[in-house]
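Structure, as structure tokens:
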Amino acid sequence: MNKPPRKRNKATSATSDDSKTPPDSVNEDISFQEDPASATIDVTAVEIPELTEQEISDRLHLERKVERAFFEAGKALAQLRDRRLYRSTHRTFEEYCRDRFGYTHRRVNYLIAGSVVFDNIVTGTNCSQNEEVDETGTNCSQNEEVDKTGTNCSQNEEVDKNRPNPSRILPTNEGQVRPLAKLEPQQQVKVWQRAVHEAGGKVPSARIVTDVVQRIMERTKVPNSYQIGEVCQILVKDNPELRGKGGCWAIVSAVNDFSCSVRMWDGEYTVGLQHFKYYDYLPAECEQMQVICDRINRVYSSGLEETVKTLLQSLGKLNRPYLTTVEEKLLTLLESEYGRIP
């Protein structure tokens with residue numbers, strides 16, 4: 001019986017056929033070729049087409065959306081808060097932001113304050129000739145010295161062509177404008193322009209903005225005239241960390257260069273001098289307010305019912321150095337209820 005042909009052997013013989021052998025150039029030992037390091041490699045040039053007018057327009061539009069992202073978020077959060085649009089699902093705005101966005105109370109306040117600063121920078125680039133702002137060194141007056149900084153807002157064509165226009169550079173994140181929140185709106189514009197100049201005409205980092213603000217505060221330093229034991233009123237002035245403290249009285253417990261440590265109805269804080277309003281109380285009245293502050297602090301704790309906290313907060317906003325008869329009875333009742341009478 002004849003055996004069928006073995007296909008494997010046939011295939012092997014086919015591959016060994018000299019007629020099928022690749023050219024010698026393919027099998028040539030690489031040692032006989034030229035040095036690969038000195039070999040010339042041909043690279044095909046790829047032409048990158050220029051942007052069309054429509055693409056340029058789309059790019060600018062999208063860049064503006066990225067720049068304004070935190071601004072839009074802050075404005076939206078402010079409306080949600082002010083119109084109480086969270087009230088159908090949450091008791092407080094803080095709880096709503098935490099559940100809906102994963103934002104802490106501080107983060108929300110930073111975004112809202114940052115949107116205010118961003119708005120000031122955008123609307124303030126026409127450079128009002130406020131002489132008081134000249135003290136920052138970034139006034140847009142038509143003097144030659146300012147022209148050299150690149151922050152002059154005159155219609156000088158040479159300056160516009162050869163130097164970055166700071167009014168066209170806007171913040172891209174909240175951290176860049178956070179240091180500006182402590183300044184007046186017109187100062188915010190000038191300081192931002194200075195920071196843009198120091199960043200080489202680019203968006204400055206938060207560190208650069210902070211450095212510019214610090215230098216200005218040191219140059220315009222006003223001696224801290226407050227004394228320990230004095231009573232003053234808190235002014236918020238767009239400081240997110242003081243939200244809810246506007247109008248509260250505070251007792252100075254420590255005096256620093258640009259701030260004071262104070263005691264309020266719910267604890268101790270460090271507050272910048274620009275957020276104080278002096279109460280012209282007599283020494284005896286200041287002492288009386290210290291006694292009231294001590295009593296409220298002994299009662300207060302974060303675990304109290306909201307109605308009790310609201311009452312203590314109302315006592316923390318008194319604009320007189322004494323308690324009425326009813327207020328005295330209420331505070332005494334709370335001291336008795338919570339067992340915190342000294």
Side-chain angles (χ1 to χ4, degrees), residues 106 109-110 112-113 116-117 120 130-136 178-191 210 213-300 309-328 330-331:
R106 175 173 293 186
N109 288 338
Y110 280 150
I112 293 176
V116 174
V117 177
N120 292 336
N130 188 316
E131 294 301 325
E132 182 181 354
V133 182
D134 280 347
E135 296 177 1
T136 67
R178 188 183 304 172
L180 302 175
K182 64 187 71 173
L183 304 176
E184 297 297 330
Q186 290 179 327
Q187 286 181 313
Q188 292 170 355
V189 176
K190 312 309 174 184
V191 170
T210 300
V213 171
Q214 187 61 36
R215 290 201 304 270
I216 290 171
M217 292 182 66
E218 291 176 354
R219 186 164 63 247
T220 60
K221 179 179 177 181
V222 177
N224 190 343
S225 60
Y226 286 93
Q227 298 180 6
I228 295 177
E230 286 186 325
V231 182
C232 53
Q233 187 182 46
I234 300 297
L235 305 175
V236 176
K237 287 188 176 180
D238 296 327
N239 185 336
E241 296 183 355
L242 294 178
R243 183 170 176 262
K245 299 296 186 293
C248 289
W249 51 267
I251 298 175
V252 177
S253 57
V255 178
N256 311 311
D257 289 338
F258 304 105
S259 64
C260 288
S261 298
V262 297
R263 296 173 60 211
M264 284 189 270
W265 65 278
D266 60 345
E268 295 192 3
Y269 299 84
T270 299
V271 183
L273 299 181
Q274 68 273 27
H275 298 294
F276 285 136
K277 178 182 177 181
Y278 183 70
Y279 272 141
D280 192 16
Y281 285 165
L282 298 173
E285 293 173 328
C286 291
E287 292 178 4
Q288 179 61 30
M289 292 300 288
Q290 291 187 54
V291 173
I292 296 174
C293 184
D294 290 340
R295 294 177 64 186
I296 295 176
N297 286 162
R298 281 195 294 268
V299 172
Y300 175 80
K309 288 184 180 179
T310 301
L311 175 59
L312 295 177
Q313 184 178 23
S314 66
L315 296 179
K317 291 187 176 182
L318 296 177
N319 56 2
R320 45 182 161 76
Y322 60 88
L323 299 176
T324 65
T325 302
V326 174
E327 291 167 346
E328 175 64 35
L330 288 173
L331 182 55

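All heavy atoms count here, side chains included; hydrogens, waters and symmetry mates do not.
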Glu230 vs Tyr278, side chain to side chain contact (heavy atoms under 4.5 Å, CB included): CA-CA, chis, key distance, verdict: CA-CA 8 Å; Glu230 286 186 325; Tyr278 183 70; 3.3 Å; yes

Side chain to side chain contact (heavy atoms under 4.5 Å, CB included) between Cys260 and Leu273, worked out: CA-CA 7 Å; Cys260 288; Leu273 299 181; 4.0 Å; yes

Chi angles and distances behind the side chain to side chain contact (heavy atoms under 4.5 Å, CB included) call for Ile292, Glu327: CA-CA 11 Å; Ile292 296 174; Glu327 291 167 346; over 6 Å; no

Derivation and outcome, side chain to side chain contact (heavy atoms under 4.5 Å, CB included), residues Tyr269 and Ile234: CA-CA 11 Å; Tyr269 299 84; Ile234 300 297; over 6 Å; no

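Atoms CG and CD, on Asn120 and Glu184 in that order, are 10.0 Å from each other to the nearest 0.5 Å. A distance of 10.0 Å separates CD in Gln274 from CG in Leu235, rounded to the nearest 0.5 Å. Here the CD1-CD distance, from Ile228 to Gln290, works out to 10.0 Å after rounding to the nearest 0.5 Å. Distance check, rounded to the nearest 0.5 Å: OG1 of Thr310 to CG of Leu315 gives 11.0 Å. Within the model, atoms CE of Met289 and CG of Asp294 stand 11.5 Å from one another, a figure rounded to the nearest 0.5 Å.
Two residues are said to be in side-chain contact when any heavy atoms from C-beta on lie closer than 4.5 Å; Val213 and Gln187 fail this criterion. With contacts defined as side-chain heavy-atom distances shorter than 4.5 Å, the pair His275/Val262 does not qualify. Side-chain contact between Cys293 and Trp249: present, with at least one pair of heavy atoms (C-beta onward) separated by less than 4.5 Å.
With Gln188 contributing its side chain and Leu180 its backbone, the two residues share a donor-acceptor pair below 3.5 Å. In this structure, the side chain of Ser261 does not engage the main chain of Ser253 through any donor-acceptor pair within 3.5 Å. Between the side chain of Trp265 and the backbone N or O of Asn297, no donor-acceptor pair lies under 3.5 Å.
The heavy-atom pair separating Cys286 from Gly229 by the smallest distance is CB-O, 3.5 Å. Of all heavy-atom pairs between Cys232 and Tyr226, the closest is CB-CE2, 4.1 Å. The two residues Met264 and Cys248 come nearest to each other via the heavy atoms SD-CB, 4.0 Å. Nearest heavy atom pair, residue Pro179 against residue Thr210, reads CG-OG1, 3.2 Å. Closest heavy-atom contact between Leu318 and Tyr322: CD1-O, 3.9 Å. Heavy atoms only, all atoms of each residue included: Ser259 and Thr270 are closest at OG-CG2, 3.6 Å.
More than 12 heavy atoms of other residues, nucleotides or ligands sit less than 6.0 Å from atom CZ of Arg320.
At a threshold of 4.0 Å, the pair Asp266-Lys245 counts as salt-bridged, since one of the basic side-chain nitrogens sits closer than that to a carboxylate oxygen.
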